[in-house]
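Only one structure is covered here, and it is reproduced in the block below.
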Amino acid sequence: MISAKPSITKSLSHSPRILQLKKHIVPRLLRWYRRNGRELPWRKERDPYRVLVSEIMLQQTQMSRVLQKYPLFLKRFPSFQTLARAPRSQVIRAWQGMGYNNRAVRLQQLASTVLHQYRGRLPTSILELQKLPGIGPYTAHALACFVHKVPHPVVDTNVSRVLKRLFPRELKPTQRVSEDINRIWALAHALLPHRHAYDWNQALMDLGALVCTAANPQCSKCPISQACPSAHKITRGRVRRKKQERGRDAIPNRIYRGRIIEFLRHRTNGRGVTFSLVACAVKANYTTKDERWLRGLIRGLERDGLLTIRKKKGNVFLTLPD
DNA sequence: AAGGCGTGGAA
DNA sequence: TTTCCAAGCCT
């Protein structure tokens with residue numbers, strides 16, 4: 001659990017500026033949310049399982065993609081039980097188009113854990129939730145609030161961006177990234193209106209997604225721009241260069257991983273497909289000098305539970321796991 | 001603590 | 001065409 005140091009939390013919740021801003025901001029943003037908030041399927045769900053699926057799908061994934069896949073996945077796997085007992089291959093196939101396939105594996109592992117260790121009930125506490133596979137600080141807090149209605153703050157990339165712009169002084173980056181993260185959570189906690197935690201969290205995320213966007217924020221449409229030191233002063237999003245990823249032919253390894261799984265989704269039948277067939281399907285101009293590299297990728301996918309390696313008569317066959 | 005991990009539409 | 005990015009998590 002992300003827990004702010006008490007001293008920081010206390011100083012924040014007692015800061016005159018924080019208190020004044022909170023009094024000003026909370027009612028305005030909640031009013032804006034009632035009028036402009038998005039109507040999303042998971043916002044009216046009561047079943048913990050169905051909310052959980054939405055939160056996992058939304059990790060680093062665009063709304064439009066989730067809106068498309070969410071109902072299909074729930075129809076195929078309506079409960080912890082059906083998901084836990086399904087063949088892994090079916091879960092991976094249902095995840096097609098979502099990206100980050102590890103999430104599908106962890107979600108199924110989570111379903112199994114909930115079924116067998118928690119009697120089919122999703123844990124309530126942040127601590128227990130965060131022990132589950134695929135659930136980190138954000139998702140644990142989101143589930144506590146959105147499923148169990150416990151007044152916890154949530155900090156995702158949207159909330160983080162909004163708060164940094166609203167409190168540039170309090171959240172000025174330090175030397176340590178972990179310290180920066182602690183401060184954001186502490187501030188989110190200090191701002192939280194406990195009686196309206198659910199709507200407040202959703203409102204902050206909607207504001208970040210619709211108005212206070214990373215590039216070209218619409219400050220003129222922002223309900224709290226009056227209280228925002230950064231209003232109309234944001235010229236451009238950060239242009240931080242990312243380090244080049246390891247791969248082949250300027251294509252990152254994870255792209256090849258994705259291609260391998262995508263190929264197996266469609267071409268796997270019965271015995272599976274041979275190593276060489278996968279090799280040709282996945283990389284243009286595949287040669288034997290790529291063999292060591294490709295074997296490494298496949299080993300990694302096997303470790304992640306995303307495929308199964310079978311050896312018959314000296315040949316290697318690949319399939320999605322049972 | 002930094003780097004690995006997909007996908008496909010938009011800029 | 002290329003680049004960038006979107007409700008994070010894990011090691």
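Order of the sequence lines sets the chain letters (A, B, ...), proteins ahead of strands, with each chain counted from 1.
- To the nearest angstrom, P of C:dC9 lies 13 Å from CG of A:Leu107.
- Separation of the A:Tyr256 and A:Trp293 ring centroids falls under the 6.0 Å cut-off.
- Here the P atom of nucleotide C:dG8 and the CG atom of A:Leu132 are 19 Å apart, to the nearest Å.
- For A:Ser64, no side-chain nitrogen or oxygen approaches OP1 or OP2 of B:dG8 to under 4.0 Å.
- Across all strands, A:Gly99 comes closer than 4.0 Å to base atoms (heavy-atom distances).
- The side chain of A:Asn158 lies closest to C:dA7 when the candidates are C:dA7, B:dG4, C:dC9.
- For A:Gln202, counting side-chain heavy atoms from C-beta on, the closest listed nucleotide (C:dG8, C:dA7, B:dG6) is C:dA7.
- Taking for each of A:Arg259 and A:Arg246 the nucleotide of DNA chain B with the nearest heavy atom, the 5'-most of the two is the partner of A:Arg246.
- Within 4.0 Å (heavy atoms only), A:Trp95 reaches no atom of the nucleic acid at all.
- Listed for the A:Gln130 side chain is no donor-acceptor partner under 3.5 Å among the backbone atoms of A:Glu128.
- Look at CG on A:Leu58: it is 18 Å from P on B:dG6, rounded to the nearest Å.
- Summarising the geometry, the separation between CZ on A:Arg65 and C1' on C:dA7 is reported as 14 Å, rounded to the nearest angstrom.
- Taking only side-chain nitrogens and oxygens, A:Lys243 comes nearer than 4.0 Å to OP1 or OP2 of B:dG3.
- Heavy atoms of A:Leu40 sit under 4.0 angstrom from at least one base atom.
- Using modelled atom types, one side-chain atom of A:Asp156 and one backbone atom of A:Asn158 make a donor-acceptor pair closer than 3.5 Å.
- As a whole-Å value, the separation of A:Leu163 CG from C:dA7 P is 14 Å.
- Within the cation-pi definition used here (under 6.0 Å to the ring centroid, within 45° of the axis), A:Arg103 does not qualify as a partner of A:Tyr100.
- How far CG of A:Leu187 is from CG of A:Leu192: 11.5 Å, rounded to the nearest 0.5 Å.
- Residue A:Gln60 places at least one side-chain N or O under 4.0 Å from the OP1 or OP2 atom of C:dG8.
- Comparing C:dT11 with B:dG6, their P atoms sit 14 Å apart, to the nearest whole Å.
- Between A:Phe80 and A:Tyr49, the ring planes are perpendicular. Angles over 60° get that label, and only those under 30° would be called parallel.
- Note on A:Asn102: every side-chain N or O is 4.0 Å or more away from OP1 and OP2 of B:dC5.
- Candidate nucleotides C:dA6, C:dC9, B:dG4 were compared by shortest atom distance to the side chain of A:Gln62, and C:dA6 ranks first.
- Out of B:dA1, C:dA7, B:dT7, the shortest distance to the side chain of A:Ser178 is found at B:dA1.
- Taking atom NZ on A:Lys131 and atom P on C:dC10, their separation rounds to 14 Å, with Å as the unit.
- If you check every strand for non-hydrogen atoms under 4.0 Å, A:Ile255 touches a base.
- Rounded to whole angstrom, the span from the CD atom of A:Gln244 across to the P atom of B:dC5 amounts to 14 Å.
- With hydrogens and angles ignored, a donor-acceptor pair under 3.5 angstrom links the side chain of A:Arg254 to the base of B:dG6.
- Within 4.0 Å (heavy atoms only), A:Met98 reaches at least one base atom of the nucleic acid.
- The phosphate of B:dG6 (OP1 or OP2) has a side-chain N or O of A:Arg257 nearer than 4.0 angstrom.
- Considering only side-chain atoms of A:Gln96, the nucleotide from B:dG8, B:dG6, C:dC10 that sits closest is B:dG8.
- Between C:dA7 and B:dA10, the distance separating the two P atoms is 16 Å to the nearest Å.
- Here A:Thr61 lies in heavy-atom contact (under 4.0 Å) with a base.
- Between the side chain of A:Asn201 and the main chain of A:His152, a donor-acceptor pair closer than 3.5 Å is present.
- The side chain of A:Tyr138 lies closest to C:dA7 when the candidates are B:dC5, C:dA7, B:dT7.
- Annotation: of the two residues near DNA chain C, A:Arg38 and A:Pro133, the 5′-most nearest-nucleotide partner is A:Arg38.
- One atom, OH of A:Tyr100, and another, C1' of B:dG8, lie 13 Å apart when rounded to the nearest Å.
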